[in-house]
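Structure, as structure tokens:
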Amino acid sequence: MQAKKRYFILLSAGSCLALLFYFGGLQFRASRNHSRRGEHSSRDGLHQPGSDRFWPRFPDALRPFFPWEQSENEDSSVHMSPRQKRDANSSIYKGKKCRMESCFDFTLCKKNGFKVYVYPQQKGEKIAESYQNILAAIEGSRFYTSDPSQACLFVLSLDTLDRDQLSPQYVHNLRSKVQSLHLWNNGRNHLIFNLYSGTWPDYTEDVGFDIGQAMLAKASISTENFRPNFDVSIPLFSKDHPRTGGERGFLKFNTIPPLRKYMLVFKGKRYLTGIGSDTRNALYHVHNGEDVLLLTTCKHGKDWQKHKDSRCDRDNTEYEKYDYREMLHNATFCLVPRGRRLGSFRFLEALQAACVPVMLSNGWELPFSEVINWNQAAVIGDERLLLQIPSTIRSIHQDKILALRQQTQFLWEAYFSSVEKIVLTTLEIIQDRIFKHISRNSLIWNKHPGGLFVLPQYSSYLGDFPYYYANLGLKPPSKFTAVIHAVTPLVSQSQPVLKLLVAAAKSQYCAQIIVLWNCDKPLPAKHRWPATAVPVIVIEGESKVMSSRFLPYDNIVTDAVLSLDEDTVLSTTEVDFAFTVWQSFPERIVGYPARSHFWDNSKERWGYTSKWTNDYSMVLTGAAIYHKYYHYLYTHYLPASLKNMVDQLANCEDILMNFLVSAVTKLPPIKVTQKKQYKETMMGQTSRASRWADPDHFAQRQSCMNTFASWFGYMPLIHSQMRLDPVLFKDQVSILRKKYRDIERL
């Protein structure tokens with residue numbers, strides 16, 4: 001036996017040596033042949049040092065494919081990053097390599113700024129309601145221009161939202177229609193909106209026509225096809241999504257602990273086969289019927305019974321037991337798995353419901369990801385790790401859950417609650433790319449009040465806005481500028497406007513006084529104005545209109561503005577106290593005369609009341625303090641139609657300012673203590689020629705409120721019953737112990 005084993009081992013070793021010499025000889029001969037070929041190519045000037053050393057050459061090597069009609073070196077792919085290689089090889093869009101620097105003409109934006117032109121609608125072209133809302137939002141914005149020669153960006157009137165060929169909203173022959181547009185220019189400086197692309201069974205992201213160098217504002221776009229800093233990822237929204245305004249979020253109170261009845265919920269379709277079916281088919285593994293409810297149904301489509309599996313009947317029965325709205329309102333986390341496409345309606349539904357979205361859609365470029373930090377409002381999961389989702393969300397601390405829920409409400413109300421906000425956010429992102437030197441930073445986009453209300457054209461320094469003092473560790477301003485709106489001629493030294501000027505000038509916080517002369521009579525001589533310890537600047541209004549009192553005058557050097565009507569009666573003590581209150585609430589309007597709104601069921605419209613009650617929603621700007629940024633916002637954010645209405649009526653400018661500030665802050669104004677005789681004094685000082693004595697004045701203000709509410713899309717005013725009084729106000733103690741003792745004496 002030992003001899004046989006030795007014989008077998010020797011035979012095996014010999015065979016191995018023979019094979020080794022055989023293949024080694026082939027390798028050696030091949031290397032020599034390659035060396036000779038290398039020498040020949042070197043003589044022809046084609047040799048690259050080190051390129052063929054010890055490496056075989058294949059006679060018919062595949063050459064790299066470049067979608068661009070450019071000659072590129074074969075070795076360029078060696079120096080490309082993985083993302084660049086992916087961009088070069090995938091060609092769903094011919095402009096795959098487009099970026100702002102290469103496919104956008106910045107010169108069109110230098111002369112007239114960021115203006116957007118919408119092509120006129122062509123006769124016979126059908127436009128879905130959702131796309132009509134998008135176009136209406138653009139045309140109603142401050143960016144819109146009807147002159148294409150002034151435009152920086154162009155938007156098609158052809159409906160590009162639904163590019164699913166099986167959809168009734170699909171527009172045929174779009175390729176030829178787009179190419180025939182005389183301003184198309186291969187899509188340069190064009191923006192295309194799209195919600196649905198591709199169709200059964202692949203649901204690709206091809207929109208069905210050559211977009212050239214156009215930008216895409218697209219829902220359900222993948223990171224693979226998303227062109228960073230060029231395209232904009234938008235959310236998938238339904239046809240019922242409101243055009244303006246939109247409902248507020250469902251988080252009414254910051255309940256502690258923030259946990260709800262259900263930990264994790266989902267209710268939706270289950271796809272048995274095809275793209276998007278894997279994740280939803282596996283949800284039943286996580287569903288426990290207690291605090292994790294993941295309900296699916298295969299009861300959809302015409303032939304669902306032909307394809308149903310053994311779980312369908314049981315799933316359908318469980319699906320019908322629960323109300324979806326009730327689940328949303330009582331869940332801490334909401335699962336947002338992909339459907340046929342990457343995006344889902346469940347995403348916006350979860351945001352509004354203050355239900356923290358748990359994303360299960362690998363490769364989805366989340367909406368507005370360029371500016372929004374989704375880690376502050378959502379849990380980004382992985383479809384491959386579905387079974388780990390419950391344990392992951394259970395490990396999140398309650399403080400973090402509350403922060404996530406609060407951020408969902410901010411993002412919903414700032415960017416997603418209406419079609420208008422989605423469109424304006426898209427346009428603002430593009431504008432920031434064009435004017436990078438004054439673009440918004442991440443703090444502005446992800447902190448209240450959000451990027452739509454913080455206009456970087458006003459200032460590039462966050463400390464110049466009233467919202468970021470705490471973030472920057474700054475104290476609110478210590479001085480104010482009094483702006484007195486004068487509309488009647490100065491005929492007597494005992495007129496209220498002169499007494500008001502003196503009282504404001506005596507305030508320890510007053511830096512200067514500006515008199516806005518909107519009277520038809522000429523300016524009074526300098527000696528007619530009383531001598532004061534602070535500068536008095538008289539500005540003659542050129543247009544003599546009501547809105548001019550809210551222009552962002554360069555003469556206003558302080559952040560705080562004390563806005564005053566000429567017939568207002570205030571003491572220095574009242575001015576001082578109002579300003580100290582404002583320093584604690586610099587983002588709000590703080591003042592004295594309060595008004596309120598109400599819903600009139602009989603007339604089905606908003607009503608306006610001046611009755612003195614414990615409830616108010618407005619503080620009139622006839623005696624109020626606010627941040628001067630609101631002058632800029634009033635002038636540049638509000639549409640010309642509202643300001644023209646105010647100017648024509650010579651009324652309602654104070655109501656419009658309250659609408660604006662409440663829309664920005666989502667908070668009511670603040671009323672401070674005013675002297676007991678304020679109302680009687682006001683009525684006594686007011687002449688019959690005043691606008692307050694006009695019988696039509698009250699009716700006009702009723703009408704204004706409804707017009708303003710219509711433009712905002714909702715009623716932004718918020719009721720409050722809070723009044724701030726000085727410490728020891730009305731307390732039965734010595735008057736000498738009170739700082740603002742004069743308020744009680746009046």
Side-chain angles (χ1 to χ4, degrees), residues 223 235 249-268 270 276 278-296 315 318-319 322 324-339 342-369 371-412 416 442-443 445-448:
T223 54
F250 297 158
L251 182 62
K252 303 300 182 185
F253 305 100
N254 290 323
T255 53
I256 303 293
L259 301 178
R260 293 174 171 176
K261 179 179 178 181
Y262 304 116
M263 177 59 70
L264 179 66
V265 300
F266 171 75
K267 188 176 183 182
R270 177 162 70 89
D278 293 344
T279 301
R280 296 200 180 193
N281 272 331
L283 294 183
Y284 78 98
H285 291 295
V286 183
H287 170 80
N288 65 13
E290 296 175 359
D291 65 341
V292 177
L293 299 180
L294 305 182
L295 310 174
T296 60
D315 286 353
E318 189 84 358
Y319 185 88
Y322 295 89
Y324 178 60
R325 302 286 291 183
E326 189 270 339
M327 291 170 60
L328 271 181
H329 284 269
N330 292 280
T332 305
F333 294 92
C334 285
L335 196 68
V336 184
R338 66 162 296 161
L342 292 173
S344 169
F345 293 133
R346 299 291 179 268
F347 181 67
L348 290 187
E349 293 168 355
L351 281 183
Q352 182 182 13
C355 185
V356 181
V358 179
M359 312 305 302
L360 277 186
S361 185
N362 292 6
W364 181 22
E365 189 74 26
L366 293 179
F368 305 138
S369 56
V371 296
I372 293 178
N373 181 3
W374 284 109
N375 289 323
Q376 296 179 359
V379 177
I380 314 299
D382 191 318
E383 294 180 64
R384 297 165 296 183
L385 303 176
L386 170 64
L387 300 181
Q388 297 182 14
I389 293 296
S391 59
T392 300
I393 61 176
R394 291 184 196 278
S395 66
I396 300 176
H397 195 272
Q398 292 183 4
D399 293 347
K400 177 65 173 177
I401 293 175
L402 180 59
L404 290 169
R405 293 181 62 191
Q406 290 173 333
Q407 191 69 359
T408 63
Q409 299 303 273
F410 160 66
L411 294 176
W412 164 258
F416 298 108
S442 179
L443 177 64
W445 283 109
N446 293 279
K447 212 68 166 162
H448 183 79

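Hydrogens, waters and symmetry mates are skipped; everything else that's a heavy atom, side chains included, is used.
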Any [X] side-chain heavy atom under 4.5 Å of [Y] side chain:
{"X": "Arg338", "Y": "Trp364", "value": "no"}
{"X": "Val336", "Y": "Phe266", "value": "no"}
{"X": "Arg405", "Y": "Ile401", "value": "yes"}
{"X": "Ile393", "Y": "Leu264", "value": "yes"}
{"X": "Ile396", "Y": "Val356", "value": "no"}

(message) Just to verify, what does Phe250 make a ring pair (Phe, Tyr, Trp, His ring centres under 6.0 Å) with, not counting sequence neighbours?
(response) His329
[X] side, atom [atom1]; [Y] side, atom [atom2] - distance, nearest 0.5 Å:
{"X": "Tyr324", "Y": "Arg346", "atom1": "OH", "atom2": "CZ", "result": "4.0 Å"}
{"X": "Thr223", "Y": "Asn362", "atom1": "OG1", "atom2": "CG", "result": "9.5 Å"}
{"X": "Met263", "Y": "Ile389", "atom1": "CE", "atom2": "CD1", "result": "13.0 Å"}
{"X": "Arg394", "Y": "Thr332", "atom1": "CZ", "atom2": "OG1", "result": "10.0 Å"}
{"X": "Leu386", "Y": "Leu335", "atom1": "CG", "atom2": "CG", "result": "7.5 Å"}
{"X": "Gln406", "Y": "Leu251", "atom1": "CD", "atom2": "CG", "result": "7.0 Å"}

(message) Strictly distance-based, threshold 3.5 Å: is any side-chain N or O of Ser344 a donor or acceptor partner for the main-chain N or O of Gly339?
(response) no
List the atom of [X], the atom of [Y], and the distance in Å for their closest heavy-atom pair.
{"X": "Val265", "Y": "Met327", "result": "CB-CE, 3.7 Å"}
{"X": "Phe416", "Y": "Leu351", "result": "CD1-CD1, 3.9 Å"}
{"X": "Tyr322", "Y": "Gly289", "result": "OH-O, 4.1 Å"}
{"X": "Ala354", "Y": "Thr408", "result": "CA-OG1, 3.5 Å"}

Does [X] have any salt bridge (charged side-chain N to carboxylate O under 4.0 Å, His left out) partners at least two apart in sequence or in another chain, and if so, which?
{"X": "Asp278", "answer": "none"}
{"X": "Arg270", "answer": "Asp309, Asp315"}
{"X": "Asp382", "answer": "Arg384"}

(message) Tell me whether Lys447 at atom NZ has more than 12 heavy atoms from other residues, nucleotides or ligands lying less than 6.0 Å away.
(response) no
(message) Going by the rule side chain to side chain contact (heavy atoms under 4.5 Å, CB included), which residues pair with Glu326 if we only count those two or more places apart in sequence or in a different chain?
(response) Lys261, Tyr262, Asp323, Asn330
Please table the atom pairs, donor to acceptor, closer than 3.5 Å between any side-chain atom in residues 371-381 and protein atoms at least two apart or in another chain.
| unit_1 | atom_1 | unit_2 | atom_2 | d |
| --- | --- | --- | --- | --- |
| Asn373 | OD1 | Asn375 | N | 3.2 |
| Trp374 | NE1 | Pro367 | O | 2.8 |
| Gln376 | OE1 | Gln407 | NE2 | 3.4 |

